[in-house]
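Following: one structure in structure tokens, then a few remarks.
Note that the structure is predicted; figures quoted are calculated from it, not measured.
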Amino acid sequence: AYLFARSPYPRWGSRLTILYFTFLPFVAIIVKSESYTGDKAGKALIWSVPIMLMALILLHPRQVKSVVFFNIAFYLIIPAVWEGLSYSQIFPTLWMLIAVGGLMIVSAFVQGRYLYRAEYEAIQSKKNERRFREIFLGSPVALWEADFSKIKKRLDHFAAEHSDDPRAYVRENPDAMQGAASSIILLDANQAAIDLYLAGTVETLKNSLHLVVQEHAMLALRDGVLSLWEGVLNRPIETVHNTLSGKQKNVVVRFSVRAGYEETWERVNISIEDITERTKQEKATNLLLSIIQEVAKVDTFTASLNKALEILVEQAGWIFGEVWLPNKKEDHLINSGACYSRAEYTKEMTVFSIASQDFTFKLGEGLPGRVWASKKTEWQKDTSVLSKDVYLRADYAKKANLKTTFGAPVLDGGEIVAVLILYTDKVRTIDHYMIDLISAAVIQLGTVLQRKAIETNMRQLASAVDASAS
């Protein structure tokens with residue numbers, strides 16, 4: 001019984017214990033028959049009562065009834081088969097067994113109902129937990145479960161020190177939330193979150209949270225925890241997160257405290273919606289709309305190019321832009337003369353622009369020629385380290401301190417209208433977001449520029465006709 005009790009089958013130990021002590025009173029009568037003869041047998045058999053009561057402690061309520069009936073049956077059968085024991089000797093104990101057994105059955109019934117209810121609720125709880133777990137893991141929206149208890153303690157501290165308006169204090173003092181991101185403990189994340197951040201596993205994401213939530217996401221984190229502090233759940237907050245590969249993602253984050261953890265914030269649910277594509281399309285649409293509106297205000301094709309470059313450089317974060325056009329024979333690209341630089345770079349860019357006017361590019365030659373030939377964008381991380389075979393104006397680019405270069409084709413009906421080249425003085429790894437943004441913006445630009453070129457040619461032709469007529 002002891003061995004069973006210490007094994008994975010403890011109920012067998014309980015059964016053996018009950019069985020052993022059930023037979024023990026009768027064994028005592030046999031072993032010490034001189035001590036338990038006649039009416040004295042009751043002194044041994046009376047131990048059946050507390051032994052039977054052990055069933056309430058050791059066995060499941062459903063088994064108690066069997067133990068009671070077994071003991072009663074045992075008392076009725078033993079005198080019939082054992083000559084040394086008569087019914088008159090066992091009847092006083094038997095009536096007590098029946099009375100106690102009846103109470104035990106009632107008690108076991110009540111206890112069984114309670115246990116049944118508890119077991120039912122435990123099973124349902126496990127089912128619900130498993131179902132919600134499946135919903136959590138299978139949700140198409142990225143979900144986190146995090147521990148914000150340290151942030152809650154920090155806000156409680158601010159509330160104690162600035163009882164007049166702790167929220168205003170946090171908003172007016174950026175340092176108040178310094179290091180808040182590192183105090184967040186990511187407890188779990190679903191597959192959509194793992195895929196969104198290119199983490200591979202939950203553990204990798206847990207260990208890399210500082211790479212995901214960087215400095216530019218701190219304002220969103222601050223606004224999120226202040227919303228929780230004010231009791232506002234699931235407030236949508238737009239911010240930027242980083243994937244583990246370094247790519248930025250525009251996301252909408254919502255925070256909510258799980259029921260039962262309102263005082264501690266030990267369980268905060270966070271949903272993250274990826275709106276990168278939507279944001280990109282909105283910015284591209286706004287960029288293109290700005291170009292179309294500004295281009296419509298100027299009269300000449302060259303002025304249109306200059307205006308388009310100005311908007312791209314200023315709004316997309318570059319420092320200089322130029323345009324290359326196919327010549328009339330369409331066997332070379334020539335410098336359009338249109339260019340734009342930020343005011344603080346005007347001196348260096350003017351020298352570079354003047355030098356560039358002497359260059360032409362054949363199909364596939366240099367950066368403009370390769371974009372012309374492929375009709376695809378090209379990103380060069382650092383022109384200062386490129387050879388002249390790859391970038392023909394390498395020497396001039398070094399003097400102007402130009403680094404990352406990006407070329408984009410401007411198409412109209414599948415034909416090249418122009419090639420845009422944009423520059424910055426910083427080394428930047430390939431930025432797919434920027435590539436997609438400008439590519440989306442220039443899709444309609446080719447048609448706009450082609451129309452402006454036709455308008456310019458028509459005005460020039462009309463001027464020529466008027467001049468010859470006069």
- Value rounded to 0.5 Å, distance of CG in N207 from OG1 in T201: 8.0 Å
- Applied to residues 199-212, the salt bridge (charged side-chain N to carboxylate O under 4.0 Å, His left out) test, sequence neighbours excluded, yields E203-K206
- Note on the structure: Looking only at heavy atoms, the pair that brings A217 and H241 closest together is CB-CD2, 4.0 Å
- Query: Quick one: does S336's side chain have a donor or acceptor within less than 3.5 Å of a partner on V323's backbone?
  - Reply: yes
Do any side-chain atoms of residues 123-130 form donor-acceptor pairs under 3.5 angstrom with protein atoms, and if so which ones, sequence neighbours left out?
residue, atom, partner, partner atom, Å
N128, ND2, Q124, O, 3.3

- Query: Pairs in or reaching into residues 259-284: which pass ring pair (Phe, Tyr, Trp, His ring centres under 6.0 Å), with residues at least two apart or in two chains?
  - Reply: none
- Task: State plainly whether the residues K297 and E294 are in salt-bridge range, i.e. N to O under 4.0 Å.
- Result: yes
- Query: Distance only, no hydrogens: is a donor on one side chain within 3.5 Å (strictly under) of an acceptor on the other, for S227 and R235?
  - Reply: yes
- Message: Would you say that R133 contacts D188 through its side chain, given a criterion of any heavy-atom pair below 4.5 Å between the two side chains?
- Response: yes
- side-chain contact (heavy atoms from CB on, under 4.5 Å) evaluation trace for H157 with R154: CA-CA 5 Å; H157 175 72; R154 182 183 295 199; 5.6 Å; no
- Message: If you apply the rule side-chain contact (heavy atoms from CB on, under 4.5 Å), what do you find for I438 with T377, and how did you get there?
- Response: CA-CA 10 Å; I438 295 180; T377 61; over 6 Å; no
- So, the side chain of N269 versus the backbone of S256: is there a donor-acceptor pair under 3.5 Å, distance only? no
- Message: When you compare the side chain of I435 with that of D431, does any pair of heavy atoms fall below 4.5 Å?
- Response: no
- Message: Quick check against the 3.5 Å criterion: does K375 have a side-chain atom that pairs as donor or acceptor with the backbone of P409?
- Response: no
- Drop me the distance from L137's CG to L143's CG, to the nearest 0.5 angstrom. 9.5 Å
- Looking only at heavy atoms, which two atoms of A142 and L196 are closest? And how far apart? CB-CD2, 4.0 Å
- Note on the structure: salt bridge (charged side-chain N to carboxylate O under 4.0 Å, His left out) pairs touching residues 324-333, sequence neighbours excluded, are none
- Sidechain-backbone polar pair: S290 side chain, N286 backbone, donor-acceptor under 3.5 Å: yes
- Task: May I ask you to test the Y340-N306 pair for a side-chain heavy-atom distance under 4.5 Å?
- Result: no
List the atom pairs, donor and acceptor, that lie under 3.5 Å between side-chain atoms in residues 345-353 and the rest of the protein, sequence neighbours left out.
residue, atom, partner, partner atom, Å
Y345, OH, D425, OD2, 3.0
T346, OG1, A343, O, 2.9
T350, OG1, T346, O, 2.7

- Item | Distance (rounded to the nearest 0.5 Å) between L312 CG and F406 CZ | 9.5 Å
- Message: Rounded at 0.5 Å granularity, tell me how far CG in D358 sits from CD1 in I334.
- Response: 13.0 Å
- Message: Please give me the minimum heavy-atom distance between A373 and G364, naming the atom from each residue.
- Response: CB-N, 3.8 Å
For residues 247-255, which side-chain N or O atoms pair as donor and acceptor with protein atoms under 3.5 Å away, sequence neighbours left out?
none

- Item | Exam field: side chain T360 to backbone H332, donor-acceptor pair closer than 3.5 Å | no
- Hey, is CZ on F359 packed in by over 12 heavy atoms from elsewhere, all under 6.0 Å? yes
- Query: For I319, which of N401, L402, V313 qualifies under side-chain contact (heavy atoms from CB on, under 4.5 Å)?
  - Reply: L402
- Item | With sequence neighbours excluded, residues passing side-chain hydrogen bond (donor to acceptor under 3.5 Å, both in side chains) with S387 | none
- Check the pair L233 / L228 against side-chain contact (heavy atoms from CB on, under 4.5 Å), numbers first and verdict last. CA-CA 6 Å; L233 304 182; L228 293 181; 3.7 Å; yes
- Task: Could you go through the side-chain contact (heavy atoms from CB on, under 4.5 Å) check for L187 and R267 one step at a time?
- Result: CA-CA 9 Å; L187 302 174; R267 293 294 184 274; 3.3 Å; yes
- How would you list all residue pairs meeting salt bridge (charged side-chain N to carboxylate O under 4.0 Å, His left out) that involve residues 378-396, not counting sequence neighbours? E322-R393, R370-E378, K388-D395
- Query: At their closest point, which heavy atom of A394 faces which heavy atom of L386, and how far apart are they?
  - Reply: CB-O, 3.7 Å
- Between W229 and F158, is the ring centre distance below 6.0 Å? no
- Message: I'd like to know whether CD of E230 has more than 12 heavy-atom contacts from other residues, nucleotides or ligands below 6.0 angstrom.
- Response: yes
- Task: Apply side-chain hydrogen bond (donor to acceptor under 3.5 Å, both in side chains) to T383 and list each qualifying residue two or more places apart in sequence or on a separate chain.
- Result: none
- Would you check if V390 and Q380 make a side-chain contact, meaning some heavy-atom pair closer than 4.5 Å? yes
- Which residues pass the side-chain hydrogen bond (donor to acceptor under 3.5 Å, both in side chains) test with D147, sequence neighbours left out? S149
- Evaluate the side-chain proximity of E121 to R117: yes if any heavy-atom separation is below 4.5 Å, no if none is. yes
- Item | Closest approach of I237 to A220 (non-hydrogen atoms, all atoms of both residues) | CG2-CB, 3.6 Å
- Message: Quick check: W324 with F361 (ring centres under 6.0 Å apart)?
- Response: yes
- Given V225, which of I184, I151, V268 fulfils the side-chain contact (heavy atoms from CB on, under 4.5 Å) condition? I151
- Closest contact, heavy atoms only, G366 versus L392: CA-CG, 4.3 Å
- Indicate yes or no: at least one non-hydrogen side-chain atom of I291 is less than 4.5 angstrom from one of K307. no
- Query: Among all residues two or more places apart in sequence or in another chain, which pass the ring-ring contact (aromatic ring centres under 6.0 Å, His included) test with W318?
  - Reply: W379
- Find the distance between CG (D274) and OG1 (T243) and round it off to the nearest 0.5 Å. 10.5 Å
- Side-chain touch T404/T424, heavy atoms, less than 4.5 angstrom: yes
- Item | Atom pair CG (D436) and NZ (K283), whose distance is rounded to the nearest 0.5 Å | 12.5 Å
- Would you list the pairs meeting salt bridge (charged side-chain N to carboxylate O under 4.0 Å, His left out) in which at least one residue belongs to residues 396-420, sequence neighbours left out? none
